[in-house]
> 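Quick one: this structure, given as structure tokens, is what I'll be asking you about.
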Amino acid sequence: MAAATAAAAAELERRVMAAVKASAARGDPPLLQAAEAARCAREASSSISVDGGAGAALAAALVSNLCFAHNTGAMWKVLDQAMASRLVSPLLALALLTPRVVPNRQAQPEAYRLYLELLGQYTVAPVCTESVETKAMLVKSIDDALHLSDSYGFQRVDFGHTVILFVLSVIKILTDCILEDCGLPTIDGDGHDISYAIGAEKSMNIDGKGSSFDRKDEHRECLRRKNTIMTLEVVEKITANKNTQVFLRLVYRNTPENFNILLQRLQLIGALKSKNFGTAHNLLGSLMMNIRKVVTTGHQLHKGNLLGSIVSTKPCSSAARSVFGAGKSSCWIPFDMFMENTMDGRHLDTISSIEALTELAKTLQVLNRATWQETFQALWISALRLIQRDRGIPEGPFPHLHSRLCMLLAIVPLSIASILKEESDKIEGGMVSVRRGELLSSLQVLGQFFGLLSPPPAVVQSANIAARKALVALSVLKDRNERGHNYSKDISSIKAAGNMLHLIVEACIARNLVDTSVYFWPSYVVPVKDASAVEESPWSALMEGSPLMGLKDALMVTPASSLAELEKLQPFAVSGSDEEKLAASKILCGASLLRGWNIQEHVIQMVLKLLSTLLPLDSGSDGFYIHHMPMLHALISGISSIDVVHILSMYGLVPELAAILMPLCEIFGSLPSSDHRNCSFEEASVYSVFSCAFLCLLRLWKFHRPPVEYALSKHGVFVCSEISLDFLLLLRNSHFALNSPYDVSRKSIFQLDPSFQKPVYIDSFPKLRAWYFQNQACIASTLSSSYKRKSILQVANKILKIVCHKMSKSGIPPVSSQSTSSSSMSGSSLGTQDDVSQGPPATAWEVLEAVPFVLETVLAACAHGRLSSRDLITGLRNLADFLPASVAVIVSYFSAEITRGLWKSVMLNGTDWPSPAATLLAVESDIEEALASAGVHINISPRTRPPIPMLPLPIATLISLSITVKMEEFNHLQGIIDKGVEICATSSSWPSMAIIGAFWAQKVRRWHDYIIQSCSETPFTRDKNAVAQLIRSCFSSFLGPLVDGRSCFVADRGVNRLLGQAHQERSPRFSLSPGLLYTRCCRMFPDNYFVCEEILKVVIERARALANECDSSRPHLLKSGRMTLSSATCSVEQIASLAASMLCHAGGMKLVRLLYEQILPTMLLSAGEARLGSAGPVCSSFEGFALAYVLLVSGASTWGVGETSPVYTSVYTSKRQRVVDRHLEFVANVMQGNIELGCGQVTWRTYVICFVGLLVDFAPTWIPEVKLETLKKLASGLWKWHECDLALSLLERGGPKAISTVVEYIL
């Protein structure tokens, strides 16, 4: 078969050459000779079987004779004309010439020169429209000639890949020729030196006519030297071609390893500059500039062209930003909103704030086109503002300063560490980290913000210690340089005045972000003249060998300052005596956990590791857990405080904490109690350990909510998106399955006991699982009318005796098997004289299982007058004292009863029930004033006020019980009780929050402002008008008010006006900042669809106001009074940044998905008088730009714009592909005319071009996830709009699947 094919090819070649010679003999010009050859090839191919068709056969015949049997100028002209007239494919002809001419360029310099001329002319020449079969034959012929698929590791290549790889191969081959001809080493794909050869031996001793190779031929030697220069010219010409740059950019984006090999060759060519290469200097510079354009040149969205005139696409100056908005810092408002939102201790995050802040920083760095120095500086300033705002936060039960300092001194440094590590993993050894240098610069600039660096009173001592550490190091170094290395100076009298910068620097040094060279900065430390000696840290004494037990109390209130001090404590916690283990556990959960910011992640690791090592579920016996009960009690009590749980959630450890607490609950809930006294959180007992662990576990998710949240808005949006225990375990198991290379904190924290790193499922804990499903059943419906487990009913009756202990009235009926409200009233009563000295011989799980039946019985008795309210509250308080964990069941049961609305109201007259009358009117007035200060003007008082305040019985009972909580129990119980109060405020139609606030204002007067703030959040759970006012107030406070459709310049605006003044003095009247109020209540809005629509309405209003400021057609505006277009576009970005932050915090990923898939498409399709694009062309352009920017920033803030960590990807980024693809498919269908628009054409065109342009500029990683067909439709529509560059840029970023489309698009 092969012999027959070769014979056919030889016959065709003979006929072609005969036709060429005959035509030349007739004196025909080269074009006619080429046409005659093509005719002959077609006739011959019809009678002879030839691979590739007539064109390929003609190219093979001509090239075969040129190399080098008929190597004449006439034959080269024939080939040139054949290529020019497309009788043969230029790419195929060049592919056939390359392996024949290049290896023989020294022996055949004339042929090589002519070959170079053809390369420069035809390498990136347009390709005529070919059939699919012809393209396939071309691909095969070119691949056979150059072995592209083998060289680049492709199993098969299509036409687009073939063209790109051909161009890349030609450039590499010519580059190697230059290097070899100049005596420089060449490299292969692995970076090793090679000698270049393709298809033939490098050295040939004969020329085309068989004569000897003569190196003394001066003419040919000169031609060879000129050929080297010409090769460089051809490479420069090819790389300067726009199409070639597109091809190389595709290589750079899709196969960077191949592009890097080309770069290595070009770097070697750069050495020619030092070899006095004559005229090549300019060529070398041009060549490197061409390659630099490939890497750096991308699409730039010309917003000015869209909005009416050409403006700069660079970031606007701070002066321009100050024209509107709040100055340059307003571009970083998402940082402030994120940090303030994280401070809401009532809502625990399931993903680390470190990962979220890292992705947000990378996103804003891209969107703001900022340097890393500016990004780091913005991070520090936002965190410092967060600290300063703490002075204006009212005192209350939830965390403030510790969590805020954790954000500044732990979360932000660890986020920066992740960003630096991402860079260090990509740079080669010996290279300097650019980001690390920019971090140093940001810290130096930070020293200029004196007002923000002022430490809060509680941190002054820590700041002074940090400054003293630097001063001691400088003093010791100075004295040793002056007096000798062995000189030892007394440092006890050295003191320094510190600020927040010193704490920040020490946090960075502790994590190896910077080194101690920062101590040498000018004026970094200021000595303080004080002769008194500095008190020695107890940790120093421990390091020197002092006994642990003698230092226990001091170590508990003094945070460790270094990892070495922490490691000194570890042996005591692991292998010390029982007393030492207990002391070490209390020390770890003391000040080091709350205030050891430099080593906080390591303290958390030690605490969790200690807990994980005490959970050998397979081999543990009851005696083992009883023996270690004091240590477990100390650890669990330490981590279950409100402050610590919030800090653990900031580290993203809520799922891991849940997995640790579950086996503890299972174990201690199954152990019988050793005594029947009331349980105290301060003493270690079976019930106290169980209660601590159980209550802490329940605070991690909305245990009092239904298992499936049915509260949907009319648009299908979840009103509340609450996490469940099942979801926490799913997250925890996925965390261990993912290994995040950039999360510095997770690497250290997850070094737990290996046995604990297995997947955890709720089925592994049968008792917990049984209660979990019973709790869900009790919430979803009333108790079952027939309960079969008699033992639990017996326990319930014994618990009822505790509830009725010392009751003032005669007994109440016992719990029976028919446990309904009506039947509970029948049967014999429980007398007050029953013996209750012996508590129920039951485990904690049995008690919890029986409590709902007790609650139903006593509540029904109270409703029917058989039990007084005072006795009811006293009995419930007795139950809570006996088993504090029962508070969770009480809250869950009453919360469910509140939502059912079946119970009558009771009068709060001060006799039967506590009365709020003394403070109710004042509290209502204060709430209205606080709301008015935030820009929300509503009336919260009921329309018809009863003479005596009233509440439904379950609410009255729960609130009355809540105000009996002792302050020392607050850390453990308040997080649970607060969930019940939340239900009272949000799930009942009764206006109860003001009454609740009045009760608490009477109980804890110093919490007055906190109570008013909490009550002020309630109207937003049901009043859409209040929500709309708050949204508008946020925009007005940040950007300034709108007056008659125009923005009004006011000085009091920006971040401080939105979230609160950093240094505001406490005024006599409590006031609220709109942004702070928004971040506290946005999760409770009744309809997120409505929230999104309102935010977009305000965005459109603001965009139209900006358009009015810039509209040159308005005659009454002086030119000097008009806003410049560059300032206006920057203001649009500020508006979009705030809008996107508000959207993301209100509804998270679900609302962003809805924005892409439903809300914005609906707005664009809606017609009517108020439709988009109805306010004139300038306003329409601004509308489209603003909406596109909001959409892009919302998605980028949620999903990120580049590579994200595995954990972040699993939770957020993995959802991006479907959402973005659906939205772009909608856009493409509208552009094709398949969907009719409702908005104006100017708005639509501006929106599409801006959104696609923003995708190309800022989020190119999203584009490969879109279907190729959708990208083609978009590119086709943009082409019709004459946006050719944008269409090409879109396709370029479409990934490997779009390569062929790009090639066909430009050739």
Side-chain angles (χ1 to χ4, degrees), residues 336-337 339-347 386 388-401 403-404 642 646 916 919-941 959 962-963 970 974-975 977-979 981-982 984-986 991-1023 1026-1027 1029-1031 1033-1034 1037 1056-1062 1064-1085 1145-1146:
D336 297 89
M337 294 285 285
M339 292 179 184
E340 197 60 65
N341 188 69
T342 306
M343 291 302 106
D344 188 357
R346 299 167 302 175
H347 302 276
L386 183 76
Q388 298 301 331
R389 278 196 297 272
D390 179 73
R391 301 179 183 183
I393 300 298
E395 180 186 356
F398 290 104
H400 293 307
L401 187 57
S403 300
R404 291 171 185 266
I642 294 176
H646 187 207
T919 55
L920 179 57
L921 293 178
V923 166
E924 287 180 350
S925 176
D926 290 344
I927 293 172
E928 290 184 355
E929 285 188 15
L931 288 172
S933 69
V936 179
H937 302 276
I938 58 173
N939 182 20
I940 66 166
S941 303
I959 299 307
S962 71
I963 61 178
F970 238 83
Q974 180 57 25
I977 292 177
D978 180 71
K979 298 183 186 298
V981 175
E982 176 190 323
C984 294
T986 60
S992 56
M993 201 59 197
I995 298 175
I996 297 170
F999 277 132
W1000 274 100
Q1002 294 175 17
K1003 177 179 173 63
V1004 191
R1005 295 185 183 277
R1006 69 177 186 274
W1007 287 1
H1008 176 272
D1009 289 351
Y1010 168 78
I1011 293 166
I1012 297 302
Q1013 176 180 314
S1014 299
C1015 293
S1016 300
E1017 299 168 7
T1018 308
F1020 302 102
T1021 61
R1022 58 174 63 90
D1023 189 345
V1027 173
Q1029 289 188 48
L1030 180 60
I1031 290 172
S1033 179
C1034 286
S1037 61
N1056 288 336
R1057 180 68 183 88
L1058 176 67
L1059 295 172
Q1061 291 288 341
Q1064 65 181 3
E1065 296 293 334
R1066 295 295 299 275
S1067 60
R1069 306 299 297 177
F1070 176 66
S1071 61
L1072 280 173
S1073 301
L1076 182 64
L1077 184 59
Y1078 183 91
T1079 59
R1080 292 296 182 269
C1081 62
C1082 61
R1083 295 180 178 91
M1084 299 184 293
F1085 288 156
H1145 292 306

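Only heavy atoms go into these numbers, but all of them, side chains included; no hydrogens, no water, no symmetry mates.
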> Please report the closest heavy-atom contact between Ser1033 and Pro1074, naming both atoms and the distance.
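Smallest heavy-atom distance, with atoms named: OG-CB, 3.5 Å.
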
> Between Ser933 (side chain only) and Leu1072 (backbone N and O only), is there a donor and an acceptor less than 3.5 Å apart?
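Answer holds: yes.
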
> Could you tell me the separation between the NZ atom of Lys1003 and the CD1 atom of Ile1011, rounded to the nearest 0.5 Å?
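If we round to the nearest 0.5 Å, Lys1003:NZ and Ile1011:CD1 are 10.5 Å apart.
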
> Give me the atom names and distance for the closest heavy-atom approach of Arg1080 to Asp344.
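In this case the closest contact between Arg1080 and Asp344 is O-OD2, 3.7 Å.
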
> Hey, what do you get for OG1 (Thr1021) to CE (Met1084), rounding to the nearest 0.5 Å?
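Thr1021 OG1 to Met1084 CE: 6.5 Å, rounded to 0.5 Å.
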
> Is the shortest side-chain heavy-atom distance between Tyr1010 and Val1004 below 4.5 Å?
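Not touching, per the 4.5 Å side-chain cut-off.
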
> Between Ser1016 (side chain) and Ile1012 (backbone), is there a donor-acceptor pair under 3.5 Å?
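Confirmed, Ser1016 side chain pairs with Ile1012 backbone.
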
> Taking the side chain as every heavy atom from C-beta outward, state whether Leu1077 and Leu931 have any pair of such atoms under 4.5 Å apart.
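They are in contact (side-chain heavy atoms under 4.5 Å apart), so the answer is yes.
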
> Counting distance only, does the side-chain N/O of Gln1029 pair as donor-acceptor with the main-chain N or O of His937 below 3.5 Å?
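Indeed, once roles are kept as given, a pair shorter than 3.5 Å links the two residues.
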
> Looking at every heavy atom in both Gly1075 and Leu1059, which two are closest together, and how far apart are they?
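So the minimum-distance heavy-atom pair works out to C-CD2, 3.6 Å.
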
> Determine whether a donor-acceptor pair (N or O, by modelled atom type, separation under 3.5 Å) exists between the side chain of Thr919 and the backbone of Ala998.
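Present.
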
> Rounded to the nearest 0.5 Å, how far apart are CD1 of Ile938 and CG of Leu1030?
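It comes to 10.0 Å.
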
> With a 4.5 Å limit on heavy-atom distance, are the side chains of Ile927 and Met993 in contact?
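They are not in side-chain contact.
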
> Show your working on side-chain contact (heavy atoms from CB on, under 4.5 Å) between Trp1000 and Val923 and close with a plain yes or no.
CA-CA 10 Å; Trp1000 274 100; Val923 166; over 6 Å; no

> With sequence neighbours left out, write down each residue that passes side-chain hydrogen bond (donor to acceptor under 3.5 Å, both in side chains) with Arg1057, or none if nothing qualifies.
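With neighbours one apart ignored, the set is empty.
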
> CZ of Arg404 to CE of Met339: how many Å apart, nearest 0.5 Å?
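That separation rounds to 11.5 Å.
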
> Report yes if the side chains of Leu920 and Ile995 come closer than 4.5 Å at any heavy-atom pair, otherwise no.
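Yes, at least one pair of side-chain atoms sits under 4.5 Å.
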
> On a heavy-atom basis, which atom in Val1027 and which in Phe1020 lie closest, and how many Å separate them?
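That closest heavy-atom pairing would be CG2-O, 3.7 Å.
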
> Do Ile996 and Ser962 come within less than 4.5 Å of each other through their side chains, counting heavy atoms only?
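Not touching, per the 4.5 Å side-chain cut-off.
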
> Please identify each residue that fulfils salt bridge (Lys or Arg N to Asp or Glu O under 4.0 Å) with Glu1017, with sequence neighbours left out.
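With neighbours one apart ignored, the set is Arg346.
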
> Among residues at least two apart in sequence or on other chains, which ones pass side-chain contact (heavy atoms from CB on, under 4.5 Å) with Cys1082?
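side-chain contact (heavy atoms from CB on, under 4.5 Å) list for Cys1082, sorted by chain: Asn341, Tyr1078, Phe1085, His1145, Ala1146.
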
> Do the non-hydrogen side-chain atoms of Leu1058 and Cys1034 ever get within less than 4.5 Å of each other?
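Heavy-atom side-chain distance check passes, below 4.5 Å.
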
> Answer yes or no: is there a donor N or O on one side and an acceptor on the other, between the side chain of Glu928 and the main chain of Ile940, under 3.5 Å?
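Yes, Glu928 side chain to Ile940 backbone: donor-acceptor pair under 3.5 Å.
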
> Answer whether the closest heavy-atom distance between the side chains of Arg389 and Glu340 falls below 4.5 Å.
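Yes - at least one pair of side-chain heavy atoms lies under 4.5 Å apart.
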
> If I compare all heavy atoms of Ser1073 with all of Gly1060, which pair ends up nearest, and what's the gap?
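Closest approach of Ser1073 to Gly1060: OG-CA, 3.1 Å.
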
